[in-house]
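Sequence lines set the chain letters: A, B, ... in the order given, protein chains first and strands last, and positions in each chain run from 1.
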Amino acid sequence: MALRVYNTLSGEKEIFVPQQPGKAGMYVCGVTVYDYCHIGHARANVVFDIIYRYLKYAGYDVTYVRNYTDIDDKIINRANQEGTDYRTIADRYIRAFDEDMDRLGLARPTVEPKATDHIGGIVAIIETLIEKGHAYAADGDVYFAVETYPDYLKLSGRNLEEMQAGARVEVGEKKRNPMDFALWKGSKPGEPRWESPWGDGRPGWHIECSAMSMKFLGKSFDIHGGGKDLIFPHHENEIAQSEAANGCRFVRYWLHNGFVNINSEKMSKSLGNFFTIREVLQKFDPETLRFFILSAHYRSPIDFSDQSLDEARTGLERIYSCLAAIDEVLNEPSTSNELPAVESLSPIGLELQEKVEQFIPRFVEAMDDDFNTALALGVLFEMVRATNRFLAEVKEFTPLSLSLVAHVSHLFDEAGGVLGLFTSRPAVWLEASNSARAGQVDVSPEEIELLIAQRAEARRAKDFTRGDEIRDLLLEKGIQLLDSAQGTSWKVK
RNA sequence: GGCGGCGUAGCCAAGUGGUAAGGCAGAGGUCUGCAAAACCUUUAUUCAGCGGUUCAAAUCCGCUCGCCGCCUCCA
C-alpha cells in the first residue's frame with residue numbers, strides 16, 4: 001500500500017506521487033517571530049516534523065523548507081512598544097522558537113530561510129506579476145489583481161462574488177478590487193525599508209513564501225503545509241501569486257493540521273486562551289507533549305488540558321516502563337549457559353513473535369494512511385502488552401527469548417525514530433519524570449528515602465502495622481511505594 | 001448569510017460498506033504479610049437522532065438536533 005495524503009485542494013486522500021521519483025520537496029509556513037510560541041505552534045511543527053521524518057523513513061530524499069517571517073506589522077508594533085528595532089525583536093523570537101523546537105525534539109529542516117534575506121526574489125516575482133498584468137503599483141504599494149487569476153479561491157472553495165459582497169471586506173482606497181491583496185507595502189517614516197522599483201517598502205505577508213519556496217524547491221513542488229487557518233487567505237494568495245507568475249502548478253499536495261482547542265474552542269492570541277510552549281514544559285516533559293499531539297490524527301482538533309496531558313504522560317510511562325524492563329533483561333548477564341537442545345517458544349512467546357513480525361507492516365500501513373499516528377501508537381501499545389506478558393512469564397532467558405526481546409527493542413527504536421519518541425534511556429526518563437513531579441509534592445526525596453528505610457526496618461522485625469503506617473503516610477502525600485525483590489522504590493502518584 | 005468539519009464506552013481516540021483497535025479511568029482475579037507495580041479477565045448488541053440505498057452501514061444518501069472552524073491577523 002502506497003502513501004496516501006489528504007489534499008486540501010481536492011478534499012480527498014490521494015496517493016502520494018512526487019514530482020521526481022525518490023525525492024520530495026516540502027514547504028511549511030513557519031512562524032511570525034514577534035512573541036513566544038504557543039502549543040498550537042507546537043502542534044503544527046510537531047506534525048510536520050513527523051511528516052518529514054516519515055517521508056525520509058519511506059526512502060525519499062526530502063528537502064524540507066520552513067521559513068521565519070521576520071518582517072511584518074506585528075513585529076514592527078512590538079518593536080515600537082519596546083522602543084527597539086524590528087531586527088532585535090525578530091532575532092529574539094527566532095532564538096526562542098529554535099529553543100522551543102529543540103526541546104520538543106524536532107529535526108531541523110533542510111533550510112530555514114528568513115523573509116528579509118529574500119527581498120530580491122520577492123521583488124523579482126512582483127516585477128513579473130506586473131509585467132504579466134496580474135499586479136499593479138498604486139502610490140508606493142503594489143497589489144495583486146485577483147480578477148486576473150481565474151482560479152482564485154480554488155483551495156478554500158469560495159466564491160469571489162460572495163466574498164466581495166461580504167460586509168466585512170473594506171475597500172482600500174488604493175485597491176481596484178476589495179479582494180486585491182498587497183504584494184509590497186510602501187514604508188511609513190521610521191519603518192524598516194528596502195529599495196524597490198516602487199519606492200522604499202517591505203514585502204506583503206504572502207509573497208515571501210512564494211519567493212522562498214521557489215528559490216529552494218522550484219516553481220512547482222510536492223508538499224505545502226501549515227495550519228488550517230492559513231488556507232485563506234495566506235495559501236490562497238500564495239497560489240495566485242506563484243501560478244500567475246510562473247504559469248505552472250504551484251503545489252501538488254496541500255496539507256493542513258487541525259487546531260489545539262481549549263474547552264473545545266480554538267486557542268488563539270486574539271481570544272487570549274493560549275499557553276506558551278515554555279509554560280507547558282514547566283509542568284510536563286517535552287516528550288509527553290509530543291505524545292499528546294500524536295495521540296490524535298493531525299487533521300482533527302485536539303482539546304488541551306492538564307488532564308489530557310496527564311493521561312498522555314501515563315500512557316508514555318507505560319511504554320517507557322516496558323522499555324526499561326527490556327533494558328534490564330538485555331543488560332543482565334545471561335543466567336543459563338546451557339543451551340536447550342530444542343528451544344521453542346511458549347504460546348505467549350509465539351504471540352509476541354507474531355506481534356514482532358507484524359509490527360513494521362502495521363506501523364507502515366498506519367503511517368501510509370495520511371500519517372495516522374494515533375493508529376500507529378495503538379500498534380505500539382499492542383506490542384507493549386505482548387512484551388509485558390512475555391517478560392512476566394519468562395523465568396530464565398534463553399538465547400532465543402533474548403533475541404526476541406532484543407528484536408522488540410529494535411522495533412521501538414525504529415518507530416521511535418519516526419515519531420520522535422523514546423529518545424531517552426528508559427530508566428533515565430522514568431527517573432526524571434518521577435523526580436520532576438516530586439517537586440510538586442511536599443516531601444523531599446531524602447525524607448522519603450528515610451521513611452522507606454524505617455519501613456524496611458519495621459518489616460524486617462515483622463512490625464507490619466508500623467510498616468503500613470509509613471506506607472499510608474507517604475501515600476497520603478502522593479507517594480506510592482513499589483516493593484520488589486531489589487528493594488523498595490517510589491513514584492509520585 | 002456563504003463554505004467546511006465534527007458528534008464512536010465515564011474520558012481520550014482509531015475505524016469511509018462486511019459485523020466496533022488502542023490508551024486513561026473503573027470492576028474482579030493472579031502475585032503480595034497487606035498493598036502498589038506487573039500480568040490476566042472484564043467494561044459500546046452499538047457508533048447524536050430519524051428516514052433511505054444495500055444481502056450487508058459507524059462507514060453511502062437525505063433530513064433534524066448539537067458543537068466547532070474559516071470568511072479579518074492567526075499553526
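Here the side chain of A:Ala392 is nearest to one of B:rA13, B:rA75, B:rC39, namely B:rC39. Nearest to the side-chain atoms of A:Phe464 among the listed nucleotides B:rC39, B:rG33, B:rG69 stands B:rG33. Proximity note for A:Arg455 (side chain, C-beta onward) versus B:rC39, B:rA75, B:rG33: the nearest is B:rG33. Counting only heavy atoms from C-beta on, A:Leu482 has its side chain closest to B:rA37 among B:rC11, B:rA37, B:rA75. Side-chain proximity of A:Arg459 to the nucleotides B:rA75, B:rC34, B:rG15 is greatest for B:rC34. Counting only heavy atoms from C-beta on, A:Arg471 has its side chain closest to B:rC34 among B:rG69, B:rC34, B:rA38. In this structure, of B:rA75, B:rG33, B:rA14, it is B:rA14 that holds the atom nearest to the side chain of A:His297. Each of B:rA75, B:rC39, B:rC73 was ranked by its minimum atom distance to the side chain of A:Lys74; first place goes to B:rC73.
A gap of 12 Å separates the P atoms of B:rU30 and B:rA36, to the nearest Å. Rounded to whole Å, the P atom of B:rC50 lies 15 Å from the corresponding atom of B:rU45. The P atoms of B:rG2 and B:rA14 are separated by 30 Å, rounded to the nearest whole Å. Using atom P as the reference point in both B:rA21 and B:rU46, the two lie 16 Å apart (nearest Å). One C1' atom belongs to B:rA38, the other to B:rG4, and the distance between them is 47 Å to the nearest Å. On the C1' atoms, B:rG49 is 16 Å away from B:rC6, given to the nearest whole Å. One C1' atom belongs to B:rA58, the other to B:rU16, and the distance between them is 9 Å to the nearest Å. Only the P atoms considered, B:rG69 is 25 Å distant from B:rG62, to the nearest whole Å.
Residue A:Asn372 is classed as a sugar-phosphate contact, given heavy-atom separations below 4.0 Å to backbone atoms only. Nucleic acid contact for A:Gly225: none, since no nucleic acid atom lies under 4.0 Å from a heavy atom of the residue. Heavy atoms of A:Lys266 sit under 4.0 angstrom from at least one base atom. Looking at heavy-atom distances under 4.0 Å, A:Ser300 makes contact with sugar-phosphate atoms alone, never a base. Residue contacts for A:Ser156: at a heavy-atom cut-off of 4.0 Å it reaches the sugar-phosphate backbone alone, with no base atom in range. When heavy atoms are screened at a 4.0 angstrom cut-off, A:Arg389 is found touching the sugar-phosphate backbone but no base atom. Across all strands, A:Val47 comes closer than 4.0 Å to no nucleic acid atom at all (heavy-atom distances). Within 4.0 Å of A:His234, counting heavy atoms only, lies no atom of the nucleic acid at all. Nucleic acid contact for A:Phe48: none, since no nucleic acid atom lies under 4.0 Å from a heavy atom of the residue. Among the heavy atoms of the strands, none lies under 4.0 Å from A:Ile231.
Under the side chain to side chain contact (heavy atoms under 4.5 Å, CB included) test applied with A:Tyr52, the options A:Val47, A:Thr110, A:Val28, A:Leu106 reduce to a single match, A:Thr110.
B:rG62: Watson-Crick or G-U partner is B:rC50, with both key distances under 3.5 Å. Of all nucleotides present, only B:rC71 satisfies the Watson-Crick or G-U wobble test against B:rG1, with each distance under 3.5 Å. Base pairing of B:rG17 is not made with any nucleotide, judged by Watson-Crick or G-U wobble geometry with both donor-acceptor distances under 3.5 Å. Base-pair partner of B:rC24: B:rG10 (Watson-Crick or G-U wobble, both distances under 3.5 Å). With a 3.5 Å ceiling on both atom-pair distances, the Watson-Crick or G-U wobble partner of B:rU30 is B:rA38.
Summarising the geometry, the separation between CG on A:Asp468 and P on B:rC34 is reported as 11 Å, rounded to the nearest angstrom. Remark: P of B:rC12 and CD1 of A:Ile293 are 18 Å apart, rounded to the nearest angstrom. One interatomic measurement links the two molecules: CE of A:Met267 to C1' of B:rC73, which rounds to 17 Å at whole-angstrom precision. Taking atom CD of residue A:Glu365 and atom P of nucleotide B:rU16, one finds them 11 Å apart after rounding to whole Å. We find that CG of A:Asp73 is positioned 13 Å from C1' of B:rU72, with the value rounded to whole Å. Note: CZ (A:Arg158) to P (B:rG1) measures 17 Å, nearest angstrom. Rounded to an integer number of Å, the gap from CD1 of A:Ile302 to P of B:rA13 is 9 Å. B:rC70 atom P lies 10 Å from atom CG of A:Asn261, rounded to whole Å.
With hydrogens and angles disregarded, a donor-acceptor distance shorter than 3.5 Å links the side chain of A:Asp222 to the backbone of A:Gly25. Under the 3.5 Å distance criterion, the side-chain polar atoms of A:Arg466 are left unmatched by any main-chain donor or acceptor of A:Ala458. In this structure a side-chain-to-backbone donor-acceptor pair under 3.5 Å is present from A:Ser213 to A:Ser210.
Within the cation-pi definition used here (under 6.0 Å to the ring centroid, within 45° of the axis), A:Lys269 qualifies as a partner of A:Phe274.
Between the side chains of A:Glu208 and A:Asn67, at least one donor N or O lies within less than 3.5 Å of an accepting N or O. Side-chain contact annotation: A:Asp49 with A:Tyr64, donor-acceptor N/O pair under 3.5 Å absent. Checking A:Asp72 against A:Tyr86 by side-chain atom types alone, no donor-acceptor pair falls below 3.5 Å.
A salt bridge is defined here as a Lys NZ or Arg NE, NH1 or NH2 lying under 4.0 Å from an Asp or Glu carboxylate O, and A:Glu351 with A:Lys355 fails to meet this definition. Under the 4.0 Å criterion applied to side-chain N and carboxylate O atoms, A:Arg471 and A:Asp468 are assigned as salt-bridge partners.
Toward the 5' end of RNA chain B, the nearer of the two residues A:Gly157 and A:Asp303, judged by each one's closest nucleotide, is A:Gly157. Nearer to the 5' terminus of RNA chain B, by closest-nucleotide assignment, is the contact made by A:Ser308 (compared with the other of A:Ser308 and A:His206).
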Practice problem: Take A:Tyr36 and A:Tyr93, measure what ring-ring contact (aromatic ring centres under 6.0 Å, His included) needs, and give me the verdict at the end. | Solution: CA-CA 6 Å; A:Tyr36 293 115; A:Tyr93 292 107; 5.2 Å; yes
Give every pair of a protein N or O atom and an N or O atom of nucleotides 22-24 of chain B that lie under 3.5 Å apart, one pair per line with the distance.
residue, atom, partner, partner atom, Å
B:rG22, OP1, A:Arg385, NH2, 3.3

